[in-house]
Amino acid sequence: MAKTFQGKCTVGDHFSLFGSYRVAPNIALIKYWGKYDEELIVPLNSSISITLDCEDMYTETSVELSTQYTEDTLEINGEQNQMTKRIQNMIDFMRARLVPITVNGQEISVEQLQKMRLKITSYNNFPTAAGLASSSSGIACLAICLKHVYCFDEEFPHQITELARLGSGSASRSLYGGIVKWVGLNEPEAKKAAESQDKQALSRISIAKQLYEGDYMKDMEVLILVADNKEKDVGSTVGMKQTVDTSDLLQYRLDVCVDKHIAQITEALEKNDWNTICQVAIKDSNQFHSVCLDTTPPIFYLNETSKFIINAVEFLNKKLDKKIGYTFDAGPNAVILVHVSIIKDVYFFFISLFPSLVENQNTRAQAFLNDLKQSSYQIENEVIRSALKEFQDKKLPSEHTSIKYLYKTKVGSGPIQL
């Protein structure tokens, strides 16, 4: 039965169907690092993430499916890119599941759809391939656009995450707002499917699901300190493979630590136990980077600025009642988790340590600073105020410990249609 296309289209000498969405990156609180199945992108362990707010950091992708094109094309940030094998796998996934589409009363047959080609145009408003999860938002955005223009109906719940996973594993988590869990091989059901070599079952099990909507984490503010906006030396795909092949510590993490971390943070989220959420996120991030160091050759995603930020947060956490969390993905850029009750003081702490941030921050952060300036704001928390002075006196940043940019954001509600 033909599906009716809902959205922008042109009908005439050529059929063209359009889909445009905006998607935010997600940041894993419990990391995944390593794949069980490289083709299906099934992770060795489950992961839990927060999806950021689409107003602050995002990918916007537009897809045109048209009879006027003779080949699929991909443009990212104004530059033509080669169609990668993973993106081609996503397109092939859709073309293997085509159904007729009705557009303004005219039917496009499966045979016609097979001949139509895609023009994909994508834009990131934050650094690409720099350890800020640009692939998660970019591929998730593409998956939603493909689903839209092909009028794809899921064959089972959350199947769109299977599609996104073919392009980038972490992209499956950006399809939803709030707190999201992506199922990995450490889950009993997934283990059973893997042991029976049932790849189809395993793929259907390894989906992402929303645990909590964005509003559930309304007390969480997020500061992202960009320590380096250049493309990282070792990409995540290559790095994961090296770690899986050479790290003994990774196996210990999988056998002993991951399930414990997931259980701890799941309980903390359920109870809204802020300090435990922060402590587990810190523990898991540090362990992830320890695994990278245990790789041969070692992978150094953190830099001197990253270490400086870690020291600053740990310095504060020694005395604060309401802790601050930090986590680093595969890059040097810090994601700082701050309770709304102390966000003014913590924000002030970091722009005082890095004065250049006053002129290098996103719109939300700039508006926040302007409001603070109007009220002649000074740090209220005595612990943070005294820590700032002591930290500046003892550990002033060197010329090698600079922050390029600051994003102020929060947990978001998920993708939006443009």
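These figures come from a predicted structure and were not determined experimentally.
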_Evaluate Phe308 against Phe354 for ring pair (Phe, Tyr, Trp, His ring centres under 6.0 Å), listing each step before the verdict._
CA-CA 11 Å; Phe308 180 85; Phe354 302 101; 5.5 Å; yes
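- Residue pairs meeting the salt bridge (charged side-chain N to carboxylate O under 4.0 Å, His left out) criterion with at least one partner in residues 165-182, sequence neighbours excluded, are Lys181-Glu187.
- Nearest heavy atom pair, residue Leu185 against residue Ala194, reads CD1-CB, 3.6 Å.
- Identified under the ring-ring contact (aromatic ring centres under 6.0 Å, His included) test for residues 237-269, with sequence neighbours left out: none.
- A distance of 13.0 Å separates CD1 of Ile351 from CD1 of Ile403, quoted to the nearest 0.5 Å.
- With sequence neighbours excluded, the residues that form a side chain to side chain donor-acceptor pair (under 3.5 Å) with Glu60 are Arg22.
- Atoms NZ and OG, from Lys119 and Ser16 in turn, are 10.0 Å apart once rounded to the nearest 0.5 Å.
- Residue pairs meeting the salt bridge (charged side-chain N to carboxylate O under 4.0 Å, His left out) criterion with at least one member in residues 134-155, sequence neighbours excluded, are Lys3-Asp153, Arg97-Glu155.
- Between the Asn26 side chain and the Ser170 main chain, a donor and an acceptor come within less than 3.5 Å of each other.
- No hydrogens or angles considered: a donor-acceptor pair under 3.5 Å links the side chains of Gln88 and Asp92.
- The list of salt bridge (charged side-chain N to carboxylate O under 4.0 Å, His left out) pairs with a residue in residues 238-262, not counting sequence neighbours, reads Lys241-Asp245, Arg253-Asp284.
- No side-chain heavy atom of Val280 sits less than 4.5 Å from a side-chain heavy atom of Leu29.
- Under the side chain to side chain donor-acceptor pair (under 3.5 Å) criterion, Ser341 pairs with His339, sequence neighbours left out.
- Considering Ser122, Ser137, Ser174 in turn, Ser137 is the only one that fulfils the side chain to side chain donor-acceptor pair (under 3.5 Å) rule with Thr59.
- Of the possible donor and acceptor atoms, one in the side chain of Ser285 sits under 3.5 Å from a partner among the backbone N and O of Phe328.
- Taking the side chain to side chain donor-acceptor pair (under 3.5 Å) definition, one finds that Tyr58 meets it with nothing, sequence neighbours left out.
- In this structure a side-chain-to-backbone donor-acceptor pair under 3.5 Å is present from Ser375 to Leu372.
- Using a distance-only test at 3.5 Å, with no hydrogens or angles considered, no donor-acceptor pair links the side chain of Ser136 to the main chain of Ala171.
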*Could you give me the CA-CA distance, side-chain angles and deciding distance for Leu250 and Asp294, then say whether side-chain contact (heavy atoms from CB on, under 4.5 Å) is met?*
CA-CA 8 Å; Leu250 175 65; Asp294 189 52; over 6 Å; no
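- In the model, Ser203 has a side-chain atom that pairs as donor or acceptor with a side-chain atom of Glu162 under 3.5 Å.
- The OG atom of Ser247 sits 13.5 Å away from the CE atom of Met240 when rounded to the nearest 0.5 Å.
- Residues Val23 and Pro415 meet the side-chain proximity criterion, which asks for heavy atoms closer than 4.5 Å.
- A donor-acceptor contact under 3.5 angstrom links the side chains of Thr327 and Lys31, judged on distance only.
- Across Val180 and Ala208, no two heavy atoms sit closer than the pair CG1-CB, 4.0 Å.
- Under the 3.5 Å distance criterion, with hydrogens and angles disregarded, a donor-acceptor pair is assigned to the side chains of Tyr377 and Asp345.
- Taking CD1 from Ile310 and OG1 from Thr305, the interatomic distance works out to 11.0 Å, rounded to the nearest 0.5 Å.
- Looking at heavy atoms from C-beta onward, Pro25 lies in side-chain contact with Phe126 at the 4.5 angstrom threshold.
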Could you list the donor-acceptor pairs under 3.5 angstrom formed by side chains in residues 213-220, with sequence neighbours left out?
| unit_1 | atom_1 | unit_2 | atom_2 | d |
| --- | --- | --- | --- | --- |
| Tyr216 | OH | Leu269 | O | 2.5 |
| Tyr216 | OH | Glu270 | O | 3.2 |

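- The side chain to side chain contact (heavy atoms under 4.5 Å, CB included) check on Lys8 picks up Phe18, with sequence neighbours excluded.
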*Trace of the salt bridge (Lys or Arg N to Asp or Glu O under 4.0 Å) decision for Asp273 with Lys271*: CA-CA 5 Å; Asp273 179 351; Lys271 294 179 176 179; over 6 Å; no
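- The heavy-atom pair separating Leu175 from Ala140 by the smallest distance is CD2-O, 3.6 Å.
- A 4.5 Å side-chain heavy-atom check between Phe5 and His148 finds at least one atom pair inside the cut-off.
- Residues Ile48 and Ile262 meet the side-chain proximity criterion, which asks for heavy atoms closer than 4.5 Å.
- Under a 3.5 Å cut-off, the side chain of Asp329 and the backbone N or O of Gly331 do not form any donor-acceptor pair.
- Remark: the backbone N or O of Cys292 is paired with a side-chain donor or acceptor of Thr295 at under 3.5 angstrom.
- Sorted by first and then second residue, the side-chain hydrogen bond (donor to acceptor under 3.5 Å, both in side chains) pairs with a member in residues 33-45 read Trp33-Thr243, Asp37-Lys199; sequence neighbours excluded.
- Residues passing the salt bridge (Lys or Arg N to Asp or Glu O under 4.0 Å) test with Glu382, sequence neighbours excluded: Arg385.
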*Could you walk me through whether Glu221 and Tyr347 pass the side-chain hydrogen bond (donor to acceptor under 3.5 Å, both in side chains) test, one step at a time?*
CA-CA 10 Å; Glu221 297 273 347; Tyr347 168 82; over 6 Å; no
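- Distance CG/Leu118 to CG/Asp72: 5.0 Å, rounded to 0.5 Å.
- The two residues Val103 and Cys9 come nearest to each other via the heavy atoms CG1-SG, 3.5 Å.
- Side-chain contact between Ile224 and Leu52 is present, with heavy atoms from C-beta onward closer than 4.5 Å.
- When side chains are defined from C-beta on, Gln361 does not count as touching Phe368, because their heavy atoms never get closer than 4.5 Å.
- Counting only N and O atoms by type, the side chains of Trp182 and Ser206 include a donor and acceptor under 3.5 Å apart.
- At least one donor-acceptor pair closer than 3.5 Å links the side chain of Ser172 to the backbone N or O of Gly169.
- The side chain to side chain donor-acceptor pair (under 3.5 Å) check on Asp371 picks up nothing, with sequence neighbours excluded.
- Distance check, rounded to the nearest 0.5 Å: CD1 of Ile205 to CG of Leu202 gives 6.0 Å.
- Tyr326 and Asn286 are linked by a side-chain donor-acceptor pair at a separation below 3.5 angstrom, with hydrogens and angles left out of the test.
- Side-chain atoms of Thr51 come within 3.5 Å of backbone N or O of Tyr176 as a donor-acceptor pair.
- In this structure, the side chain of Asn275 engages the main chain of Asp321 through a donor-acceptor pair within 3.5 Å.
- The closest side-chain heavy-atom distance from Lys408 to Val222 is not below 4.5 Å.
- Side chain of Lys192 to backbone of Glu189: no donor-acceptor contact under 3.5 angstrom is found.
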